[in-house]
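Working notes, beginning with the structure itself.
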Amino acid sequence: MARALAGVVRERCAHHGLPVPHVSVEPGRSIAGPSMVMLYRVGVVKDVSLESGGVRRYVAIDGGMSDNIRPVLYDAVYTATLANRDPAQASSLARCRVVGKHCESGDIIIRDIDLPADITGGDLLVVPAVGAYGYSMASNYNMVTKPGVLAVENGTARWFIRPQTVDHLLALDAGLE
């Protein structure tokens with residue numbers, strides 16, 4: 001890619017009689033985006049009867065639009081799988097909607113996904129390829145703390161950014177001094 005880009009730049013500069021500039025490329029999003037995952041803990045799983053006569057299974061997680069605004073902001077689409085057990089061992093699947101904890105109609109991380117029918121509170125749900133800007137786009141909506149950013153390489157983990165705590169949020173509140 002770099003050789004092809006450099007060739008085009010050299011050719012166009014020669015064509016226009018311009019000196020060849022120093023060109024650099026920062027491919028961060030194309031590398032970091034697909035490699036980032038979000039790990040959620042399942043809280044509540046409930047089936048809700050729909051007016052159409054069907055049933056929708058809601059899987060509520062311990063995050064949502066405060067740590068991943070992309071689905072509500074520009075219709076980002078994700079998949080997910082269980083991280084704490086082998087989903088291939090599930091005897092059956094159920095169509096689910098993965099929702100956040102913010103009680104907002106737009107707080108949907110995954111609109112429709114087939115997950116193991118026995119998914120339950122405490123399970124860990126991993127959402128791959130969540131993008132390169134998760135932390136920078138995260139907010140403290142509803143006074144929810146931001147998750148940290150953890151790097152894992154060859155079985156070793158280290159924090160790039162530690163998770164916020166409630167004390168971090170309260171320290172900013174001038175009314176509690």
Side-chain angles (χ1 to χ4, degrees), residues 27-142 144-166 168:
R29 185 165 89 175
S30 65
I31 294 170
S35 68
M36 299 295 192
V37 301
M38 185 65 83
L39 187 64
Y40 294 108
R41 185 168 305 279
V42 173
V44 174
V45 177
K46 71 177 182 176
D47 293 331
V48 174
S49 298
L50 303 174
E51 289 181 13
S52 64
V55 173
R56 177 174 292 137
R57 175 163 294 174
Y58 285 90
V59 175
I61 55 174
D62 64 348
M65 60 191 278
S66 62
D67 58 69
N68 190 347
I69 193 67
R70 295 177 73 231
V72 71
L73 190 62
Y74 45 82
D75 296 326
V77 177
Y78 295 111
T79 187
T81 191
L82 292 180
N84 60 305
R85 56 190 169 108
D86 184 357
Q89 300 298 317
S91 59
S92 63
L93 299 175
R95 178 57 50 128
C96 299
R97 179 164 290 177
V98 178
V99 298
K101 64 181 186 177
H102 298 288
C103 297
E104 295 285 353
S105 60
D107 193 14
I108 300 170
I109 298 298
I110 302 173
R111 189 162 294 282
D112 289 302
I113 185 170
D114 291 328
L115 292 171
D118 63 347
I119 190 169
T120 188
D123 276 338
L124 296 177
L125 194 69
V126 63
V127 180
V130 293
Y133 304 109
Y135 190 83
S136 63
M137 294 174 71
S139 72
N140 295 119
Y141 186 81
N142 281 355
V144 171
T145 58
K146 291 183 188 180
V149 177
L150 187 67
V152 180
E153 181 180 23
N154 298 324
T156 301
R158 78 177 177 97
W159 289 110
F160 276 179
I161 302 172
R162 289 184 299 279
Q164 285 184 337
T165 66
V166 172
H168 290 126

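Worth saying up front: this structure is predicted, and the values here are computed from it rather than measured.
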**Message:** Run the side-chain contact (heavy atoms from CB on, under 4.5 Å) test on I161 and Y135 for me, step by step, so that the C-alpha distance in whole Å, both residues' side-chain angles and the decisive distance to 0.1 Å come before the verdict.
**Reply:** CA-CA 9 Å; I161 302 172; Y135 190 83; 3.7 Å; yes
**Asked** Between T79 and I110, is a side-chain contact (heavy atoms from CB on, under 4.5 Å) present by the stated rule, with each step listed?
**Response** CA-CA 7 Å; T79 187; I110 302 173; 5.7 Å; no
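One N or O on the side chain of D107 and one on the backbone of H102 form a donor-acceptor pair closer than 3.5 Å. Between the side chain of D86 and the main chain of A88, a donor-acceptor pair closer than 3.5 Å is present. Without hydrogens or angle criteria, N68 side chain to M65 main chain gives no donor-acceptor distance under 3.5 Å.
The line from CG of D123 to CG of N84 is 4.5 Å long, rounded to the nearest 0.5 Å. Annotation: the span from C96 atom SG to I119 atom CD1 amounts to 6.0 Å, rounded to 0.5 Å.
In this structure, the side chains of P87 and P116 come closer than 4.5 Å at one or more pairs of heavy atoms. Between M137 and L73, the closest side-chain pair of non-hydrogen atoms falls below 4.5 Å. Side-chain contact between I61 and L125: present, with at least one pair of heavy atoms (C-beta onward) separated by less than 4.5 Å. Counting heavy atoms from C-beta on, the side chains of E104 and Y141 come closer than 4.5 Å. Side chains of V99 and V59 form no contact here, defined as non-hydrogen atoms less than 4.5 Å apart. Counting heavy atoms from C-beta on, the side chains of L93 and L115 never come closer than 4.5 Å. V98 is not listed as a side-chain neighbour of I108, based on a closest heavy-atom distance of 4.5 Å or more.
Pairing each heavy atom of A157 with each of V152, the nearest pair is CB-CG2, 4.0 Å. Closest approach of L39 and L124 over heavy atoms only: CD1-CB, 4.1 Å. Among all heavy-atom pairs drawn from W159 and V149, the shortest one is CE3-O, 3.4 Å. Across Y58 and V48, no two heavy atoms sit closer than the pair CD1-CG2, 3.7 Å. Across A80 and I113, no two heavy atoms sit closer than the pair N-CD1, 3.2 Å. The shortest heavy-atom contact between P71 and Y78 is CG-CE1, 3.6 Å.
Between D118 and R85, at least one side-chain N (NZ, or NE/NH1/NH2) sits under 4.0 Å from a carboxylate O, which counts as a salt bridge. With salt bridges taken as basic N to acidic carboxylate O contacts below 4.0 Å, none links K101 and D62.
The only option from K146, H168, Q164 that meets the side-chain hydrogen bond (donor to acceptor under 3.5 Å, both in side chains) definition with N140 turns out to be Q164. Among the candidates R56, R57, R97, R95, the single residue satisfying the salt bridge (charged side-chain N to carboxylate O under 4.0 Å, His left out) test with D47 is R57.
Side-chain atoms of Y40 and D67 form a donor-acceptor pair, as typed in the model, at a separation below 3.5 Å.
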